[in-house]
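Inspection log for the structure reproduced underneath, given as structure tokens.
Note that ligands are numbered from 1 as they come in the structure, with each ligand's atoms numbered from 1 the same way. The basis for the numbers below is simple: all heavy atoms, side chains too, and nothing from hydrogens, waters or symmetry mates. In what follows, residues are counted from 1 in the order of the sequence shown.
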Amino acid sequence: MKNILVIGATGQIGSELTMELRDRYGNSQVIAGYIKGSEPKGVLKESGPSALADVTDADAIAKVVRDYHIDTIYNLAALLSVVAERNPRLAWKIGVDGLWNVLEVAREHHCSVFTPSSIGSFGLSTPHVMTPQDTIQRPGTIYGVSKVTTELLSDYYFMKYGVDTRSVRYPGIISYVTPPGGGTTDYAVDIYYYAVRGEKFICPIKEGTLMDMIYMPDALHASIMLMEADPAKLVHRNAFNLASMSFAPETIYEAIKKQMPQFEMEYQVDPLKQHIAESWPDCMDDSCARMEWGWQPKYDLEAMTTDMLEKLKIKLNK
Ligand code: AKB
């Protein structure tokens, strides 16, 4: 039986991943780890156990792992790219020092560890079209620098201590449940909220800027699938390119407009976001994920748009 700790359970991915894991493995088997000031609420709180699990506090993590006999940790604690750029030291403390704490606890208590990386782990010198699995990673943001470090540190703990570490490079994740906080790809979530509220959307990313994106159900499925994968088949571990769809602002706008013809958008480019976006891949080659553990996305832009609009109309009473 699996006993799982989700660190960062109240965040954008954590809030949905915790519920998905509870569906699959049983409510009492999945502990929602949170930090002070960000306690679980509603169904997340009521459906299963939760515990204080601040990634910067190794003793607190060790205590939860001991108390609940944890064997698998999903470590989702991180600042997103734009926020990280405004507070590099904190981004490092959470992303890298925090991972070190998790890996040490995992080594001692024989836990598997999933720590997501991102398209942000690539930089301007990376080939941008069909970015290969193994390629140049010289990011120009602290977010990217910390993501590359977490990939390397996770591989190091696997090679040196045999800790079962695995990871994917998430594209921008789109969801109607918990909004993201401070990422470069957030526009692709915000645009749906504006459309459903009947408001004009001001796009911070320039026309023609391509980035990989994924719908949350596919991102959750991929993460769990990788942690379930037969280790004998894994040539790579930290971290797999994960692709699903790649689009520029005008393409997602058109996809929404097809279903909501009144919807309007104009551009007011945010220089920091644009600078970061241009350093990331246009689209990644995820053939290693497909070959090594059978990755296959379910949603394309059209299917995601239909579902997002439907779910947001209910959520926003529109
Ligand atoms: C961000 O934009 O910072 C994240 C990411 C792609 O890692 N969504």
Side-chain angles (χ1 to χ4, degrees), residues 8 11-17 74-88 90-92 94-96 98-99 114-124 126 128 131 137 139-151 154 167-193 203-206 209-220 222-223 238-249 252 269-284 286 289 297 301 304 308:
Q12 188 208 8
I13 306 167
S15 55
E16 291 190 60
L17 182 64
Y74 285 82
N75 169 29
L76 305 176
L79 296 187
L80 292 184
S81 53
V82 177
V83 186
E85 217 43 40
R86 297 199 176 112
N87 199 340
L90 184 63
W92 187 270
I94 295 173
V96 179
L99 173 62
F114 175 84
T115 305
S117 183
S118 157
I119 50 174
S121 68
F122 298 113
L124 272 175
T126 302
H128 271 36
T131 302
Q137 288 183 281
T141 60
I142 190 65
Y143 182 68
V145 172
S146 62
K147 287 298 182 194
V148 175
T149 309
T150 62
E151 291 186 11
S154 297
S167 173
V168 294
R169 296 180 182 129
Y170 282 140
I173 301 181
I174 295 164
S175 147
Y176 59 88
V177 180
T178 307
T184 305
T185 58
D186 292 10
Y187 90 88
V189 178
D190 298 339
I191 192 170
Y192 287 107
Y193 279 83
C203 184
I205 301 292
K206 208 189 274 175
T209 311
L210 287 161
M211 284 187 277
D212 278 298
M213 304 280 178
I214 190 169
Y215 198 32
M216 183 65 93
D218 275 335
L220 301 180
S223 314
N238 302 283
F240 284 92
N241 284 1
L242 191 68
S244 163
M245 59 186 99
S246 160
F247 54 76
I252 185 172
V269 174
D270 175 314
L272 174 59
K273 288 185 180 172
Q274 186 60 32
H275 176 71
I276 296 175
E278 281 174 16
S279 74
W280 290 355
D282 292 355
C283 59
M284 290 185 289
D286 65 352
L301 177 58
M304 175 178 77
M308 276 295 282

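A 6.0 Å sphere centred on NE2 of His275 holds no more than 12 heavy atoms belonging to other residues, nucleotides or ligands.
In the vicinity of Thr184, heavy-atom distances shorter than 4.0 Å reach the ligand 1 atoms 1 (C), 2 (O), 3 (O). The distance from ligand 1 to the heavy atoms of Ile119 drops below 4.0 Å at these ligand atoms: 6 (C). Listed by atom number, the atoms of ligand 1 under 4.0 Å from Trp280 heavy atoms are 1 (C), 2 (O), 3 (O), 6 (C). Residue Ser118 has at least one heavy-atom neighbour below 4.0 Å for each of these atoms of ligand 1: 5 (C), 6 (C), 7 (O). Near Ser81, the atoms of ligand 1 lying under 4.0 angstrom from a non-hydrogen atom of the residue are 1 (C), 2 (O), 3 (O).
Considering only non-hydrogen protein atoms, atom 8 (N) of ligand 1 sits nearest to Thr185 OG1, 2.9 Å.
The CD1 atom of Ile142 lies 12.5 Å from the OG atom of Ser81; values are rounded to the nearest 0.5 Å.
Of the N or O atoms in Asp186, none lie within a sub-3.5 Å distance of an N or O in ligand 1. Looking at ligand 1, you won't find any N or O of Tyr170 less than 3.5 Å from one of its N or O atoms.
Side-chain atoms of Gln274 never come within 3.5 Å of backbone atoms of Thr209 as a donor-acceptor pair (strictly under, hydrogens ignored). A donor-acceptor pair under 3.5 Å is formed between the side chain of Ser246 and the backbone N or O of Asp282.
Side-chain contact check for Pro171 versus Leu242: some heavy-atom pair is nearer than 4.5 Å. Considering only heavy atoms from C-beta on, Pro249 comes within 4.5 Å of Tyr187 through its side chain.
Taking the six-membered ring where tryptophan is involved, the planes of Trp280 and Tyr143 are tilted, since the angle between them lies from 30° to 60°.
In Val82, neither the side chain nor the backbone holds a heavy atom less than 4.0 Å from any atom of ligand 1.
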